[in-house]
Amino acid sequence: MSTHKLRLGIPKGSLQDATIALFQRAGWNIYANGRSYFPTIDDKEIECMLIRAQEMARYVEKGVLDAGLTGIDWVVESGLEVESVTSLVYSKQSRQRVKWVLAVPEDSPYQKAEDLAGKVIATELVEVAKKYFAGKNVPVKVEFSWGATEVKPPMLADAIVEVTETGSSLRANRLRIIDTIMESETRLIANKGAYADSWKKNKIDSLALMLNAAIDAQGQVGLMLNVEKSNLDAILGILPALNSPTVSQLSNSTWCAVNTILEEGVVREVVPRLKAAGATGIVEYPLNKVVL
Ligand SMILES: Nc1ncnc2c1ncn2[C@@H]1O[C@H](COP(=O)(O)OP(=O)(O)OP(=O)(O)O)[C@@H](O)[C@H]1O
Ligand SMILES: O=P(O)(O)OC[C@H]1O[C@H](OP(=O)(O)OP(=O)(O)O)[C@H](O)[C@@H]1O
Ligand SMILES: [Mg+2]
């Protein structure tokens, strides 16, 4: 039995559910039950710990954790040196990056950062916000906010720097974006020492490979069909050229089978055209992982 263990930080909070769901698609089941901060995982070589996204870089840098997942926003905010192993573009609700934006009340006169000179800015991302205004030579008072930042203007702050994914929180609070300060995506980060250890590096890289494979499979499907050889060129002309399809011989020598991967969104448009071009036995199937 292996004595090696990788200590892995799972982000508690906004990214928690999406992270556990991603690990499941990647092949690892994580059970975060009740109030325990030590979720179980069905891999004897990994020990999980639930850590706030904001603190992940700190514990990874210290070596309390060998690796962890968190937003690059909090890594930058921490100013700490960690190894960024791979970017994994997923958020709380979508497969997109989130944005940290400068927002003001809809009916306020502010149109750009410069208009906020001398004003109070509330944010959780204090260091990044301070650097943004310093870079523009705009003197402002950046105040730390513990959350629920959107409700602060205009009474408790003049503007906010806040994370947005769908935009619904900003809309609900009648706020208007006047600039984007940074885009953030989820990263798998590692302790530099741990990443220099060959066993740990190998384990972390395997995790990265499988997590990416699960991400890449999302939104894609497999499609197979049969076609008479005389119609093959027409069929191949319809299939998106991105992935070159596999064509194999059927037992009946005048027919062949075509197998390919394509964006789920184009299937509804492509399948009727394939059928019209002579394809039969068209089967769409889900993909779990894609490694190109
Ligand atoms: N919709 C989202 N809202 C907030 N943060 C998100 C969202 N999607 C992804 N993230 C990322 O999640 C991390 C923030 O998670 P964290 O748990 O630290 O804070 P939180 O969202 O305030 O948690 P909670 O409000 O549940 O306590 C950041 O890296 C952020 O970029
Ligand atoms: O653009 P949206 O899709 O609306 O997402 C952004 C909102 O989601 C997060 O809040 P969260 O739910 O974590 O609550 P919080 O204010 O307690 O942090 C974040 O702090 C924003 O308020
Ligand atoms: Mg939050």
Side-chain angles (χ1 to χ4, degrees), residues 8-23 30 32 34-37 39 48-61 64-65 67-80 82-106 121-129 131-132 142-153 155-157 159-190 211 214-215 218:
L8 178 69
I10 302 295
K12 184 173 164 51
S14 286
L15 292 173
Q16 181 175 331
D17 293 346
T19 300
I20 290 173
L22 173 63
F23 269 77
I30 296 175
R35 301 285 309 157
S36 170
Y37 285 80
C48 284
M49 214 176 155
L50 275 177
I51 300 276
R52 298 282 308 181
Q54 295 94 325
E55 298 185 308
M56 195 67 75
R58 175 145 60 99
Y59 292 122
V60 167
E61 197 259 353
V64 179
L65 297 169
L69 293 103
T70 187
I72 188 69
D73 41 11
W74 290 111
V75 179
V76 172
E77 175 75 9
S78 76
L80 296 169
V82 292
E83 189 75 38
S84 173
V85 178
T86 188
S87 80
L88 300 161
V89 181
Y90 69 94
S91 298
K92 188 186 202 168
Q93 303 185 63
S94 69
R95 288 189 284 130
Q96 276 159 23
R97 291 180 178 80
V98 295
K99 286 189 172 122
W100 283 86
V101 297
L102 176 60
V104 296
E106 254 169 28
I121 317 294
T123 186
E124 289 178 71
L125 205 68
V126 171
E127 296 306 319
V128 172
K131 281 207 185 86
Y132 165 82
V142 176
E143 282 187 357
F144 176 71
S145 169
W146 285 95
T149 312
E150 289 96 337
V151 303
K152 294 192 171 178
M155 298 261 285
L156 305 173
I160 62 168
V161 169
E162 176 58 328
V163 64
T164 176
E165 182 178 355
T166 65
S168 62
S169 304
L170 293 171
R171 268 194 305 277
N173 290 284
R174 299 177 39 81
L175 296 169
R176 168 165 57 82
I177 297 174
I178 58 174
D179 202 2
T180 298
I181 288 184
M182 82 179 295
E183 283 204 354
S184 181
E185 64 196 20
T186 310
R187 293 275 175 97
L188 174 61
I189 58 169
L211 292 169
I215 286 184
Q218 273 193 301

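In what follows, residues are counted from 1 in the order of the sequence shown. Being a predicted model, the structure only gives us computed values, none of them experimental. Just so you know, ligand 1 is whichever comes first in the structure, and atom 1 is the first atom listed for that ligand.
Salt bridge status for E106 with R174: present, with a side-chain N to carboxylate O gap under 4.0 Å. For the pair E55 and R52, the salt-bridge criterion is not met [side-chain N within less than 4.0 Å of a carboxylate O]. Salt bridge E150/K152: absent, no basic N to carboxylate O contact under 4.0 Å.
Residue nearest to atom 30 (C) of ligand 1, selected from T149, D73, V75: D73 (by heavy-atom distance). Nearest to atom 6 (C) of ligand 2 by heavy-atom distance, out of V163, I160, N173, V151, is V163. Nearest to atom 22 (O) of ligand 1 by heavy atom, out of Q93, R52, Q96, is R52.
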Does the pair V101 and V161 meet the rule for a side-chain contact (heavy atoms from CB on, under 4.5 Å), with working shown?
CA-CA 5 Å; V101 297; V161 169; over 6 Å; no
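Taking a cut-off of under 4.0 Å to the non-hydrogen atoms of V98, the atoms of ligand 1 that pass are 7 (C), 8 (N), 9 (C), 31 (O). Within ligand 2, the atoms closer than 4.0 Å to a non-hydrogen atom of A148 are 16 (O), numbered from 1 in the order shown. Applying the 4.0 Å criterion to heavy atoms of S14 picks out, from ligand 2, the atoms 13 (O).
Contacts of Q16 with ligand 1, taken as heavy-atom pairs under 4.0 Å, are absent altogether. When heavy-atom distances to ligand 1 are checked against a 4.0 Å cut-off, E165 comes that close only through its side chain, counted from C-beta outward.
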